[in-house]
Amino acid sequence: MNLLVTGGAGFIGSHVVKHLVAKYPEYNIINLDLLTYAGNLENIGSIKDKENYSFVKADIRDLKEMRKLFADHKIDGVIHLAAESHVDRSISDPLVFITTNVIGTATLLQVAKEQWKDNYDNKLFYHVSTDEVYGTLGDEGFFYEDTAYDPRSPYSASKASSDHLVRAFHHTYGLPVVLSNCSNNYGPYQFPEKLIPLFINNIVHKKALPVYGQGINVRDWLYVKDHARAIDTIFHKGKKGETYNIGGHNEWKNIDLIKLLIKLTDQKLGRAAGSSDELITYVKDRAGHDLRYAIDATKIKDELDWEPSLQFEEGLSLTIDWYLENKDWLDSVTSGEYQKYYQKHYG
Ligand code: NAD
Ligand code: DAU
């Protein structure tokens, strides 16, 4: 198996690649990543010399380059994670989300179709997507695999477009595909523009914690290594043409999660209980901020026997420990460009 993983220097992709390299020594795992601001070779430093692993810096939008890469490496399988992934950036700069998430995915699909056209046996294109394509929920209900799409940010609209293209290539050309839509991930190596690592970093530095709106939005959190295990399971056991929802059945209102994060981080830093509460700062809400996401993950549990392995408090504690122990990583990714983004976004 020559397996191409795209976006493997990013947050989730780096966990997926490390998981696969350790578990499948007989595979050749090719990690393709453009190394944008969100991609970081330090995330995958531990596997760089493994025999079953190689890294290619390239752009998924580059048709010529993708054709060459598929041919040179005789790619049999793709796990496609490369994307622009941050909702706030999609609001301030939507076009790169369209080119990367839509054109980039279409480019990979086209190349897979061309290169596999003579024989689709033992080939698979796995597209990793998000629960945000389903839109937003009120106080009740869940997202199911057949929930109608209703994306509401440029990010989720671009991911929804890419999902449609993947299904279109399956229905029109018979391309063997599988998809998954996952809820919010957290864990080590997440770029600190997303809620949990951003807030841990700000608590450490006693900086304001910018809570959007009233902090009443709800997200369903899953530990990233559980997502990596789910991706492995779906790639190997999922039914072609099917979609699987992945989630933790772990809903948290933002402000409750933030208070827990403050409590645990203060404890670990040896600070008095409640000493960082004053950092909470309510700021202008995100434009079009989706109220609530919640995944029903019954299908993947019943059909593929996957379930989250970690309780949230345990996962959150491990995550805080990791950021506190990896200050150099945090300092290096928050220098330079990050400061400009931070200043522009939060003022
Ligand atoms: P991330 O932003 O941390 O990583 C994305 C990676 O893609 C980076 O390494 C980046 O360099 C690479 N990339 C960007 N543009 C590229 C291009 N044109 N060519 C090649 N590589 C490029 O994102 P993440 O949080 O790890 O998310 C990975 C995937 O999972 C995305 O498709 C995202 O939509 C999906 N997802 C994320 C979450 C979450 O909570 N983070 C939840 C569900 C689904
Ligand atoms: O649901 C899956 C999605 O989860 C993924 O597809 C996305 O790639 C990923 O970024 C994530 O999107 P969210 O917008 O939910 O994640 P984020 O960490 O940006 O925000 C989580 C919640 O916290 C959301 O309600 C907005 C809020 N928030 C976020 C930031 C960065 C704040 O209140 N303040 C902040 O500064």
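Every number for a ligand or one of its atoms is a count from 1 in the order of the listing.
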Does the ring of Tyr186 carry Arg219 above it, NZ/CZ under 6.0 angstrom from centre and within 45° of its axis?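 Because its charged atom misses either the 6.0 Å distance or the 45° angle limit, Arg219 does not stack over Tyr186.
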State whether Tyr342 and Lys207 meet the cation-pi test: NZ (Lys) or CZ (Arg) under 6.0 Å from the six-membered ring centroid, and within 45° of the perpendicular axis.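 Yes - Lys207 lies over the ring of Tyr342, closer than 6.0 Å to its centre and within 45° of its axis.
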Pairs meeting criterion salt bridge (Lys or Arg N to Asp or Glu O under 4.0 Å) with involvement of residues 18-27, two or more places apart: Lys23-Asp232
Can you tell me which residue pairs pass the salt bridge (Lys or Arg N to Asp or Glu O under 4.0 Å) test with a partner in residues 312-339, sequence neighbours excluded?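 Found Lys268-Asp321, Lys327-Asp331, Glu337-Lys340.
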NZ/NE/NH1/NH2 to OD/OE distance under 4.0 Å, [X] and [Y]:
| X | Y | value |
| --- | --- | --- |
| Glu242 | Lys299 | yes |
| Asp139 | Arg292 | no |
| Glu114 | Arg67 | yes |

Would you call the rings of Tyr37 and Phe191 parallel, tilted or perpendicular, where under 30° means parallel and over 60° means perpendicular?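 Taking Phe191 first and then Tyr37, their aromatic rings stand perpendicular (interplane angle over 60°).
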Chain-and-number sorted residues having a heavy-atom contact under 4.0 Å with ligand 1 are Gly7, Ala9, Gly10, Phe11, Ile12, Asp33, Leu34, Leu35, Thr36, Ala38, Gly39, Ala58, Asp59, Ile60, Arg61, Leu81, Ala82, Ala83, Ser85, Thr100, Val128, Ser129, Thr130, Tyr155, Lys159, Cys182, Ser183, Asn184, Asn185, Lys194
Indicate, with yes or no, if Met66 and Leu109 share a hydrophobic cluster defined by side-chain heavy-atom contacts under 4.5 Å among Ile, Leu, Val, Met, Phe, Trp and Tyr.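 Linked within one cluster.
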I'd like the residue list for ligand 2, meaning every protein residue with a non-hydrogen atom under 4.0 Å from the ligand. Ser85, His86, Val87, Asp88, Thr130, Asp131, Glu132, Tyr155, Cys182, Ser183, Asn184, Glu193, Lys194, Leu195, Leu198, Phe199, Pro210, Val211, Tyr212, Asn217, Arg219, Asn254, Arg286, His289, Tyr293, Tyr346
